[in-house]
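Down below is the structure, laid out as structure tokens.
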Amino acid sequence: MGHDVTSGRLVVLADGEAIARHMAEWLTELALAKTDGPFVVALSGGSTPKRLYEILGSAEYATRFPWARTHLFFGDERFVPPSDPASNYAMTQAALLSHVAIPPAQVHPMPTDGDPVQAAARYQAELQALYGAKELQPGRPLFDVVLLGLGDNGHTASLFPRQPVLQERRLWVSTCVPDDAPHTRLTLTYPAIHSSRHVVFMLAGAAKRDVFARVRAGDPVEPASHITTEGGLTWLVDKAAAGV
């Protein structure tokens, strides 16, 4: 069991809207099917996820989705105030959280105050508290679903090229200071993402075509190529990004 970017399932859909709608239905069905504990998701930033969150916040899904037993974490965050337009939390708050009845204590934004290294440690402690252990255990995934995007430079979450976080194998949450993008970041690490039942990449647009081809082929230079999961990995890709 377990998959990487080369062995994961590829689903090609018409466009970003189709990806968001497909994901909304799949995520809802998965959440409803899980009754033996909380449904734990790591959210992604980006335009396609934003559309997903808007759909989940619509009347059709806001009442169907089991928000009362869902915990929402974030795969990464820019180290900016939560009201900043660059904040993934701010985007998610506007698109989704302000429209659904999820208990506030079950929304877990990454802290972006004080020292970034200490903030990462605080977020790891929050994950450990829900997980009920200080070490990740094979066969006991931390996340039900990790949502990921893919940057033109091969990054996913805030696992950026050339940065020390790519070598992190002990921490669940770490910092990243990209040399080709603004803002210090907090990010889940490879081991934390691996501890998942499902990893889903969502990408749309012709601009993603080349980097998707490289990562799908497992090019070791691309940070996203090193994503693995204990469970299933799915690529939700539109026709433009897939080159079809």
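Every heavy atom of this structure was used, including side-chain atoms; hydrogens, water molecules and symmetry mates were not.
Both L136 and L186 are part of a single hydrophobic cluster, where members link through side-chain heavy atoms under 4.5 Å apart. Hydrophobic clustering places I193 together with L30 (ILVMFWY residues linked when any side-chain heavy atoms are closer than 4.5 Å, directly or through intermediates). Both L10 and V145 are members of a single hydrophobic cluster when ILVMFWY side chains are connected at heavy-atom separations under 4.5 Å. The cluster map of Ile, Leu, Val, Met, Phe, Trp and Tyr, joined by side-chain heavy atoms under 4.5 Å apart, puts I227 and V11 in the same cluster. Grouping the Ile, Leu, Val, Met, Phe, Trp and Tyr side chains by contacts below 4.5 angstrom, directly or via other members, places V12 with L236.
Between the T70 side chain and the P66 main chain, a donor and an acceptor come within less than 3.5 Å of each other. Remark: side-chain polar atoms of R214 are not paired, donor with acceptor, to backbone N or O of D219 under 3.5 angstrom. Side chain of E222 to main chain of V211: no donor-acceptor pair is present (N/O by atom type, distance under 3.5 Å, no hydrogens or angles). Judged by distance alone, the side chain of Q128 and the main-chain N or O of K134 form a donor-acceptor pair under 3.5 Å. Counting only distance, with no hydrogens or angles, the side chain of E77 and the backbone of N88 share a donor-acceptor pair below 3.5 Å. A donor-acceptor pair under 3.5 Å links the side-chain atoms of T63 to the main chain of A59, judged by distance alone.
Both tests pass for R140 against the ring of Y131: distance under 6.0 Å to the centre and angle within 45° of the axis.
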* To do: Starting from the C-alpha separation in whole Å, work towards a yes-or-no answer on salt bridge (charged side-chain N to carboxylate O under 4.0 Å, His left out) for D238 and K208.
  => CA-CA 10 Å; D238 77 348; K208 304 290 185 183; over 6 Å; no
* To do: Go through D115 and R122 one step at a time and tell me if the salt bridge (charged side-chain N to carboxylate O under 4.0 Å, His left out) criterion holds.
  => CA-CA 11 Å; D115 175 72; R122 283 157 53 198; over 6 Å; no
* Just do the side chain to side chain contact (heavy atoms under 4.5 Å, CB included) check on Y61 and I55 with the steps written out, would you? => CA-CA 7 Å; Y61 287 95; I55 293 167; 3.6 Å; yes
* To do: Mind running side chain to side chain contact (heavy atoms under 4.5 Å, CB included) on F160 and V177 for me, showing each step along the way?
  => CA-CA 8 Å; F160 276 81; V177 185; over 6 Å; no
* **Steps toward side chain to side chain contact (heavy atoms under 4.5 Å, CB included) verdict (V80, T112)** => CA-CA 6 Å; V80 296; T112 55; 5.8 Å; no
* Start with the C-alpha gap between V237 and F201, add the side-chain angles, then the distance that decides, and say whether side chain to side chain contact (heavy atoms under 4.5 Å, CB included) holds. => CA-CA 8 Å; V237 182; F201 281 91; over 6 Å; no
* Evaluate the criterion salt bridge (charged side-chain N to carboxylate O under 4.0 Å, His left out) for residue pair D179 and R162; output intermediate values, then yes/no. => CA-CA 8 Å; D179 60 23; R162 299 172 294 280; 2.8 Å; yes
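Here the shortest heavy-atom pairing between T35 and L32 reads CG2-O, 4.0 Å. A pairwise comparison of heavy atoms in E168 and T189 identifies CG-CG2, 3.8 Å as the closest pair. Closest approach of G149 to S44, counting heavy atoms only: N-OG, 3.7 Å. The two residues R197 and K34 make their nearest non-hydrogen contact at NH1-NZ, 3.7 Å. Between A240 and G205, the shortest heavy-atom distance links the atoms CB-C, 3.8 Å. Nearest heavy atoms, G154 versus P223: O-CD, 3.3 Å.
Between F143 and the choices L127, V41, V199, the side-chain contact (heavy atoms from CB on, under 4.5 Å) rule is met once, by L127.
Remark: the S158 side chain and the D76 side chain contain an N/O donor-acceptor pair separated by less than 3.5 Å. Judged by distance alone, the side chains of S7 and D4 do bring a donor and an acceptor atom under 3.5 Å apart. Between S196 and T229, the side chains place a donor N or O and an acceptor N or O closer than 3.5 Å (distance only, hydrogens not considered).
Here the straight-line distance linking atom CD of E54 with atom CD of E17 works out to 9.0 Å at 0.5 Å rounding. Here the CD atom belonging to Q137 is positioned 10.0 Å from the CD atom belonging to E230, to the nearest 0.5 angstrom. The distance from the CG atom of L130 to the CG atom of L142 is 7.5 Å, given to the nearest 0.5 Å. The line from OG1 of T187 to CG of L159 is 4.0 Å long, rounded to the nearest 0.5 Å. A distance of 10.5 Å separates CG in L27 from NE2 in H22, rounded to the nearest 0.5 Å. Here R185 contributes atom CZ and Q163 contributes atom CD; the two are 10.5 Å apart, rounded to the nearest 0.5 Å.
Residue R169 qualifies as enclosed at atom CZ: its count of foreign heavy atoms under 6.0 Å is above 12.
Pairs passing the ring-ring contact (aromatic ring centres under 6.0 Å, His included) check and including a residue from residues 23-46, sequence neighbours excluded, read W26-H198. Under the side-chain hydrogen bond (donor to acceptor under 3.5 Å, both in side chains) criterion, the residue pairs touching residues 98-108 are H71-H108, H108-E126, with sequence neighbours excluded.
Two residues are said to be in side-chain contact when any heavy atoms from C-beta on lie closer than 4.5 Å; R216 and T6 fail this criterion. When side chains are defined from C-beta on, L43 counts as touching Y53, because their heavy atoms get closer than 4.5 Å. Looking only at side-chain heavy atoms (C-beta outward), L97 and Q93 come within less than 4.5 Å of each other. Side-chain contact between M202 and R51 is absent, with no heavy-atom pair separated by less than 4.5 Å. The shortest side-chain heavy-atom distance between H226 and P220 falls under the 4.5 Å cut-off. Looking at heavy atoms from C-beta onward, V165 lies out of side-chain contact with T175 at the 4.5 angstrom threshold. Between V215 and W235, some side-chain heavy-atom pair lies under the 4.5 Å cut-off. Counting only heavy atoms from C-beta outward, the side chains of T28 and L56 approach each other to under 4.5 Å.
When ring centroids are compared, F79 and H183 stay outside the 6.0 Å threshold. Taking the centre of each ring, W172 and Y123 stay at or above the 6.0 Å mark.
Using a 4.0 Å cut-off between a side-chain N of Lys or Arg and a carboxylate O of Asp or Glu, R21 and D15 do not qualify as a salt bridge.
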